[in-house]
Amino acid sequence: VAQNIVGQVVTTINRELLWRSDDYDAKVFRPVSFAPDAGTASSFYAVGILLAGALLTTARMNFAAQWGLVAGIGTMFVALCLTLVRSSMVGTLLGLGAVVTVGRRSMRTGIALGSLGLLVAMIEDPTGGTLTERFKAGFRVGEVVRSRGTQIEGIWWAATNFPTGMGIGRAGPGGGRYNEPEDNRYTFPPESYFVCITFETGVVGLGFVVTIFFVLLRHCMLAVLRVRDPDLHPLALAISVVLGAAILVSLVGPTLYAAPLSYLFWTLAGLLF
């Protein structure tokens, strides 16, 4: 009876309380989250960290509110690392770097984030080294090119083989549910948003997406440079770093095919305009 009870408890923990992946020999408890999987959760954490980091540059904010944001960033960053999603880790850190570089009162923000980084670095890796290795791998250019370089090749593959596209709903995380029988003959990297959009809508669709992204990035730069209001500038900066990070990660991930980034991206773009 005792063995049966223990077995049921372990099964429940594995099903409900652990971030899991068949590719890694690491199991870590998932933080409290509404996300059904690690990838979705990492998007929530990444956006939350970038928004909180940008809000640290707000002029009229008392000491307690500032350190409340820092504590929130630290908590979300630990949770982000436990998802083992490299693209979200890299996008988040690059976004925070942009906040410190472009944001006003960046010295205060940089000191707070630097102190927080040292504290997080002192926490022991709960995965026995897997997390540390995944985190470092995200910043090794050669390894990233080898593991994700096929995504760039996939854009050319999709444009060459399907210049007019195969139709909406045929790619992305849900593509397997809606594809046609003949699609089983094709194999292509599903991780890149650009590959997926080219496969679905062809060269014309890819051109539209690139144009939209270019316009958004242009408006991001204009908003950060021109907005003078001390309360609106941190908001413009926050939106800009989230949109920029999402576009960057789109090269290696189907970011706008899945929640929450699919909703947050276009909502924040509307607020930016």
_Within the structure provided, determine whether Phe194 and Leu206 are in side-chain contact (heavy-atom separation under 4.5 Å)._
yes

*Out of curiosity, Leu222 CG to His219 NE2, how far, rounded to the nearest 0.5 Å?*
6.5 Å

_Please determine whether side-chain contact (heavy atoms from CB on, under 4.5 Å) holds for the pair Leu93 and Phe77, giving the CA-CA distance in whole Å, both sets of side-chain angles, and the decisive distance to 0.1 Å._
CA-CA 10 Å; Leu93 290 183; Phe77 186 75; 4.0 Å; yes

*asked:* I want to check something: taking the side chain as every heavy atom from C-beta on, are Ile239 and Cys220 in contact at a cut-off of under 4.5 Å?
replied: no

*For the residue pair Ala246 and Thr255, what are the closest heavy atoms and their distance?*
O-OG1, 3.9 Å

_Keeping Ser42 on the side-chain end and Ser88 on the backbone end, is there a donor-acceptor pair under 3.5 Å?_
no

*Looking at CG of Leu235 and CG of Leu55, how far apart are the two atoms once the value is rounded to the nearest 0.5 Å?*
7.5 Å

*Checking side-chain contact (heavy atoms from CB on, under 4.5 Å) for the pair Leu256/Trp266: CA distance, chi angles, key distance, verdict?*
CA-CA 9 Å; Leu256 304 187; Trp266 300 113; 4.0 Å; yes

*Are any non-hydrogen side-chain atoms of Ile73 and Leu56 less than 4.5 angstrom apart?*
yes

_What I'd like to find out is whether the side chain of Leu216 reaches to under 4.5 Å of the side chain of Phe265, using heavy atoms alone._
yes

*asked:* Donor-acceptor check, side chain of His233 to backbone of Val224, threshold 3.5 angstrom: yes or no?
replied: yes

*Would you say Thr201's side chain and Thr198's backbone share a donor-acceptor pair under 3.5 angstrom?*
no

*Heavy atoms only: give me the nearest Ala159-Val203 pair and the separation to one decimal.*
CB-CG2, 4.0 Å

*Between Tyr257 and Tyr193, does the ring centroid distance fall short of 6.0 Å?*
yes

_Quick check on the hydrophobic clustering: are Leu271 and Leu51 connected, directly or via other members, by side-chain heavy-atom contacts under 4.5 Å?_
yes

*Leu272 reachable from Val215 in the ILVMFWY side-chain graph, under 4.5 Å edges*: yes

*Would you call Val242 and Leu264 a side-chain contact if the rule is heavy atoms closer than 4.5 Å?*
no

*Residue pair Ala236 / Ser240: nearest heavy atoms and the distance that separates them*: O-OG, 2.7 Å

*For the residue pair Phe199 and Phe162, categorise the inter-ring angle as parallel (less than 30°), tilted (30 to 60°) or perpendicular (more than 60°).*
perpendicular

*Can you find a heavy atom in the side chain of Pro260 that is under 4.5 Å from one in the side chain of Thr40?*
yes

*Applying the 4.5 Å side-chain criterion to the ILVMFWY set and letting contacts propagate, would Phe273 and Ile247 be lumped into a single cluster?*
yes

*With the side chain counted from C-beta on, respond yes when Thr75 and Tyr45 share a heavy-atom pair under 4.5 Å apart, and no when they do not.*
no

*Report whether Val249 and Phe44 are members of the same hydrophobic cluster (ILVMFWY, side-chain heavy atoms less than 4.5 Å apart, transitive linking).*
no

*If two hydrophobic side chains count as joined below 4.5 Å and joins carry through other members, does Ile212 share a cluster with Val210?*
yes

*Distance, nearest 0.5 Å, that separates CG of Leu94 from CG of Leu50*: 9.5 Å

*Less than 4.5 Å apart, any side-chain heavy atom of Leu217 and any of Leu243?*
no

